[in-house]
Amino acid sequence: REPPYTFGGANDHFSRNDIMTQGKRFTFFFFSCTCFFSPEIVLLFTGRRRSSADPDRALQEALRTQLRVVESNSQDVIQLFKDLSARLVSVHAEKDSFVLTFKTVEEIWKFSTYLALGYVARCLENFLCDQSFWLDPELLSDLEINVTVDEEHMATLYLGLLLQEGSFFAKALFTGSKQEDEDEDQLSFKKNDLLMVRDTGPGGMWEGTMLSSGNHGLVPVNAMQPLPYPFYQWFLRKYPGNVGCSPTEKEAFEHAMVTGSCVALVDHSPVGPDELQLSRGDIVEIQGLLVRGLGVFIGIHNSTGHTGFVHKAHVKPLDTTPLDGQLVFLTAEEKASLAQVNPGSSEPSDSSLLGRLSSSDISSVYRLDRLDETDFMYIRNRPKHDQNVPSSTCQSIMSERSGGTPPYHSSPRSSFSHSNPRLSLCHSHNALPQEGERLSFSLDDTFRELNEFQEDPPLFLEENSLEREDPEHSDPTLTLLNRGHFQEDFLPLYDLQYSFLWKTFSGKTEDEISGHLDTIREGAKRMAMHWAHRRACFLLGRLCAKKLKFSQARVYYEEALSVRVDGFSDTPLLVALFTNLTAVYLKQRMTDKLPHTLEKASALLLCLPCHSFTSTDEVELLKLLLRRSVVMADKHLEARVCYLMSSLFLHLRKSDDALPFVERLQFLSATLSDSAEGHPIAPVDLNWLLSCLYHRKYMPYLALASLSLDSRQDPSLQDAFKRIELFIKNSVRLNPCWREGTSLLPAQIVVYLQQALAIAVREEDLNTQRDLCQGLASLYQQYNALDKAVQCAQRAVETGGHISEEEGFEASVLLGWLLVSTGQAKRAQSVLQPLLTSLQGTDSPTQRGVIHNLLALCLRRQGHFSEAGRHLHAALVISSESGNQRNQALALANLGCLALDVGAPFVAERFLVRSLRLFLELWESPTDEEHVQTYLWLGRSYKQRGRRHDMMACYEMGLLIALHARNLHSQIVVAKALSQLYANMLLYGQSIVYSEHCVSVSRELKDKRLEGEYLEILSSHYLSLNTERSSRKSLDYTKQSLRISIDLGKREEESETWLQVGRIYYLIKEDELADMYLQAAVKTALRMNDPHFAMSIYEEAGDVYFKGHRIQMASLPFYRDGSLPFARSIKDILSEFRLLSKLTELLMNQGEQEEALQYATLAVQVAGKTEVQVNERTAYHRLATIYYSRQQYEMAENYYLKSLSLCPLIMQHPLEARYYTKVYCRLGNLTLHKLKDAFDALGYFHLALAAALEDRANPEALYVVYMKLAEIHGNHIPDAQLFKVYRDRAQSLKRALAGEEGIDVREENMDNAYREVSNPGVEHNESSFISVPEDEKCKESSYLRTCVKQEGAEDKCTEPNNGNSNGKAHPNINPDTDGHLMEASGIETAHLDSSANESTQTCELQRQKIMLNVTTLSFYTQLRSSIA
């Protein structure tokens, strides 16, 4: 409903008992609104399902996401609200709102009208809904968008704008007369008088101007009430003038417009022409309508049968009936004319529309294959816009449907009805102008375009056309004009084009015509030919009015009315006389004469249905009547006047002037329907007319909104095609690339195609059903909705089969192609094979070639390569014989694709090169995507043969072709491939160039998802350059990607992008910003309410510091306070163990041994719950290392032995022996130098010797063990023989190694290794010797990963990926450190790498490669026994 724009939201009429209070309220409002009211208003939108009263959260989030996307391109949003007559201040996607403002009263009036008509909601629906929304008819029918504003605030804003403009129109709340003691400048006025009030500053008196008299003076502020609706302010400002009446206090007639009969209350003798004489009790039938707002109506006396004017005050209702609830303020004939469209326009509509929508080259052009997902999507089967649409059966189909006339053309118009002259007048004009457009309306609609008469009127001056009864009748025109009753031939007398005068007096000037008519007038007077006298005076008056000689015209009109005839015998003439004379009175402001004709002219204009306009000056009378309806607050009268005003303006081809009245009429229709009591009223639907008018004013958003609300009953197929045509025209205005054919048609067209299909089904039009189904299938295919496309194609096949076998052929080929596209090769073959059989022996070689080609695609997907090749060869032969170069090139390209699939790149090259030669000859043809795809396949063949430069040349040539064709889809596919190729070659500079092109193309396509994807790729390429400048460039692109992730509402991607920005800031040493962005990543993850994701983000944020070389302790809160509690809350044991291991190493590296011991102890406890043995071994080893660092050597020895006890009995790889060597060397040093137990140390070193002997690739470790054994037998357990044996073996090994490389270097390395191992007094960090496999598939095995020693730093050990729920690779962690042992021995920790993708069978084979012959415990016992 329309908001009541009054003070504080009050009604448009204040209570009569509180008039002064209301005036005081207005005075208070004036001072308050100028200082305190906000000039902005909030527009809220919500998405909901019609089947439920609750908002739809999923739809709301989708709308919010789309709003974030378009918010970044604010020009589109600004243009939308500019069309809606509002000024956009800001957009708040998270609050689902727009903030708007208005600068003028006209702006707020137009916006409130669009809001009330539902156009704002529909504009937002078209603007915010994703394309996929329109492809689902069930979802579409159930979902809608609602918009709301604060109506009281809008009313306040409206009144504030009125005051800012300085003048406004108001209605007097009470009568004000000038008193003797008051100022002489004060203006007298009556209640309900309309005044224009002008603000003169503070005080109780403002300047007022009476609209009825033009008198000026001061009026009290408290007596004025501004007209409540902005439409009234606009109308009175643009069309100022007199009101001419005061409303009556009490009406005898309850309803606004009635039909039926009345009974006379008094005796009445006529005082004016054409009035009925009444006696008390006479019954009068109402002719046309009785309008409550008028004082006169037209009646037929029951007794005498005379027709004349009746004063409403002289009668009372007898048997009256209000207009039907479906009509409200129009007659049935008028409403019927509004509901019709006119297919008989002077300019035909686009007759090829259906052909263009349904036509396809599927049965004449081969289709290109698709090798894998990196290739183009299947080439769309839609004709290019620059192609001539081949002639098809569509035009003949529509010709048959329309009875042989061209599409959208009606049969010649029907003749005028002689039985109803008023109805014939209703059909006499067509209002909507052409102006180069193809949309038009019916002849019998007063809102439609003016059509030229298809037949000339009778030639009135033919010599023998009339019989002369009187020889004095020398002029045949005089005889014609003297006919006593209305005839069809008189219609040209009253039209706006002066048809009678120009065709009757053809070739004469206006002065000559005036002289001739004056002669006829004098002759008629002389011979008492009253009807000729009246009609001659009327024609003379029209000519004078045309020359703006209104005084002379008035004289002629008055003379015509003074002629004593039965005026209602020629009702159109009577209407024309009264309306034209009253219009002259209004123009000349002859208030003394106006009352004599005003009421009667108003009755003739409003009460008789299907009024036919005779003068442009009738608008003056309509303006007065509209002002009267404003004063009387009569919405029914206002609606009927708006109907006539819009009819007149459209009749005069003034569509801009007509638009406000059509909008007001549509609003009043809806308002009266909503306010009706009892059963609901169906309002008059003017949305189609409004859509056409908005189209002419170049307002595409409003045109599409009103078009979508068009709900006319029982539309025809032509109506449906008109809608489609108008939709396409306005969609092209919103996105010009649709006209150029470089983008898809909007998905909303599916709605209109489905409507047309439903009508075709209802009318049982099989041909149109088939064509529309094919068009829908093609459209669904373009938007990759292949399942729906298959359904439509199947329906087209079935419909075509009912017509004839030939009619279903093209649909069957389309179905087969769509089945190939969806991967249903076997089903496609079952559809296509019968088609090939049916074509045998027919003269249709091209169609056979198409079927052979499609069958080959089916067979290739089923692995039948030989049969596929035979079919392709057949297709190639057919295209060669017919000389079709395009099909020949496509067949060769498909043969090349087949060769690539079977691994024959050389053969593929030959076919593809031949295909490219043919494509070059077809440069001007629409083959760009096929041409580009062939180059990509040729590049792939070169790649398989190692010809890298040729491959790059093919790809770049494909990009050039796509650029030349301005095909954005092709450009983005090729540029992406080039970017990936150069990145794989580590040529990041070239890769950046193509990635930037992908970003620019995605922006041109307005695809935010693609843009974000390529921005991330571009960021990674810049980061790979590893310079500060490139890192900052990477940072910029990552932030752009972050904005897109936020706009799209993808919280997971948003959180990861926040994290990436933090990483980059850490790399460029801006630690404060890095921490800020990492915290933002964590907060975003927490808002998702996904504990697994939040845990992973916390861990990755901590890894930024943990894996770096600065402020590693900053990772502590992320691990300890973030990830670890989440892991425990979701009972993720493996993640908990991983995090405890990281915390242990972090604290050890920072010297926090006490806290590290706590986490290492917890890790041991958790490791047992993981049921993964290698995790337990790792945990024990870390715990032993911490005890060693704390100099608790007994505990360290215990946990080292516990770790060794969990080792597998069978070594999985020879390199695993290095771990045993290092651990036993550690234990030997510990017991020898710390625990002073030489015998235990000797046993440990013997075990280390056994392990070192297995690791033949690391002889330095064997040298160290030999030297340690020699030391023990030389110093601690003297044994000269063993000492000599071990020393000699060490020396011989040293000499053997010295021969392989530089002697000095090798000897120095080995001496240093032994020297450091022999120094027990220095504590060192110990590196982890074991780790867990990263792949969870092998986590039950006990593999050992490589512990890679980093240069100049401690050893890094790859941490096991124990159940990472997100499937992400976690960083390497160091459970402990022991750098001195590594350096002393020169041994790099073994990396036992078992690929994450190895099968279980391969893993088992590796486990059996090398076996340790003795277990640790038995070997140790035997050694101790031999020593004893």
Side-chain angles (χ1 to χ4, degrees), residues 49 56 58-59 62 129-143 357-363 367-382 724 743-758 760-761 769-801 808-835 850-851 853-855 857-862 929 969 973 1007 1009-1010:
R49 290 184 180 270
D56 190 303
L59 174 62
C129 289
D130 187 71
Q131 297 287 0
S132 59
F133 174 85
W134 306 99
L135 299 177
D136 190 344
E138 295 182 0
L139 178 67
L140 180 63
S141 62
D142 193 35
L143 297 182
L357 290 174
S358 62
S359 67
S360 171
D361 57 2
I362 186 67
S363 61
R367 288 296 180 262
L368 201 62
D369 205 347
R370 193 179 186 208
L371 196 56
D372 54 34
E373 295 298 325
T374 61
D375 289 343
F376 284 100
M377 291 298 292
Y378 288 105
I379 309 302
R380 303 177 183 89
N381 52 319
R382 62 185 178 96
I724 295 171
S743 181
L744 308 178
L745 281 173
Q748 290 96 315
I749 199 174
V750 170
V751 177
Y752 300 96
L753 291 175
Q754 292 282 9
Q755 291 175 359
L757 180 59
V761 172
Q769 289 182 49
R770 181 206 58 199
D771 294 340
L772 288 172
C773 286
Q774 287 185 208
L776 281 167
S778 299
L779 192 67
Y780 280 128
Q781 184 194 12
Q782 291 172 8
Y783 283 97
N784 205 29
L786 298 181
D787 292 337
K788 290 185 174 64
V790 169
Q791 294 174 8
C792 291
Q794 183 67 48
R795 185 173 176 181
V797 171
E798 295 172 357
T799 307
F809 176 80
E810 185 172 333
S812 299
V813 178
L814 176 60
L815 176 61
W817 168 234
L818 290 172
L819 291 172
V820 172
S821 304
T822 55
Q824 303 179 56
K826 193 169 183 179
R827 184 182 169 192
Q829 185 179 359
S830 66
V831 172
L832 295 170
Q833 193 67 51
L835 296 179
V850 168
I851 302 302
N853 182 72
L854 290 178
L855 281 171
L857 306 189
C858 300
L859 292 167
R860 188 187 74 80
R861 279 156 183 74
Q862 299 178 62
E929 289 189 358
H969 175 68
V973 170
D1007 190 331
R1009 184 191 60 80
L1010 274 180

| remark: Between Trp817 and Leu368 the two heavy atoms that sit nearest each other are CH2-O, 3.9 Å
| query | When rounded to the nearest 0.5 angstrom, what is the spacing between OH in Tyr780 and CG in Leu818? | reply | 13.0 Å
| task | Check whether any side-chain heavy atom of Val820 sits under 4.5 Å from a side-chain heavy atom of Arg861, and report yes or no. | result | yes
| task | Indicate the atoms forming the closest heavy-atom contact of Ala777 with Ala793, along with that distance. | result | CB-N, 3.9 Å
| task | Hey, could you give me the CD1/OG distance between Ile362 and Ser812, rounded to the nearest 0.5 Å? | result | 11.5 Å
| Which distance, rounded to the nearest 0.5 Å, do you find between the CG of Leu772 and the CD1 of Ile724? | 6.5 Å
| said: Return the CD to CG distance between Gln794 and Leu819, rounded to the nearest 0.5 Å. | reply: 8.0 Å
| query | Could you go step by step and tell me if Arg795 and Leu757 meet the side-chain contact (heavy atoms from CB on, under 4.5 Å) rule? | reply | CA-CA 11 Å; Arg795 185 173 176 181; Leu757 180 59; 3.5 Å; yes
| task | State, yes or no, whether a side-chain contact exists between Glu798 and Gln769 at a heavy-atom distance under 4.5 Å. | result | no
| request: For the pair Tyr783 (side chain) and Ala747 (backbone), establish whether a donor and an acceptor sit closer than 3.5 Å, ignoring hydrogens and angles. | output: yes
| In Å, rounded to the nearest 0.5 Å, how long is the span from SG of Cys792 to CG of Leu753? | 9.5 Å
| note | Closest heavy-atom pair, Gln829 versus Gln862, reported as atoms and distance to 0.1 Å, is OE1-NE2, 2.8 Å
| remark: Distance col, row Leu857:CG vs Arg367:CZ, nearest 0.5 angstrom, shows 10.5 Å
| Which heavy-atom pair separates Leu135 from Ala785 by the least distance, and what is that distance? | CD1-CB, 4.3 Å
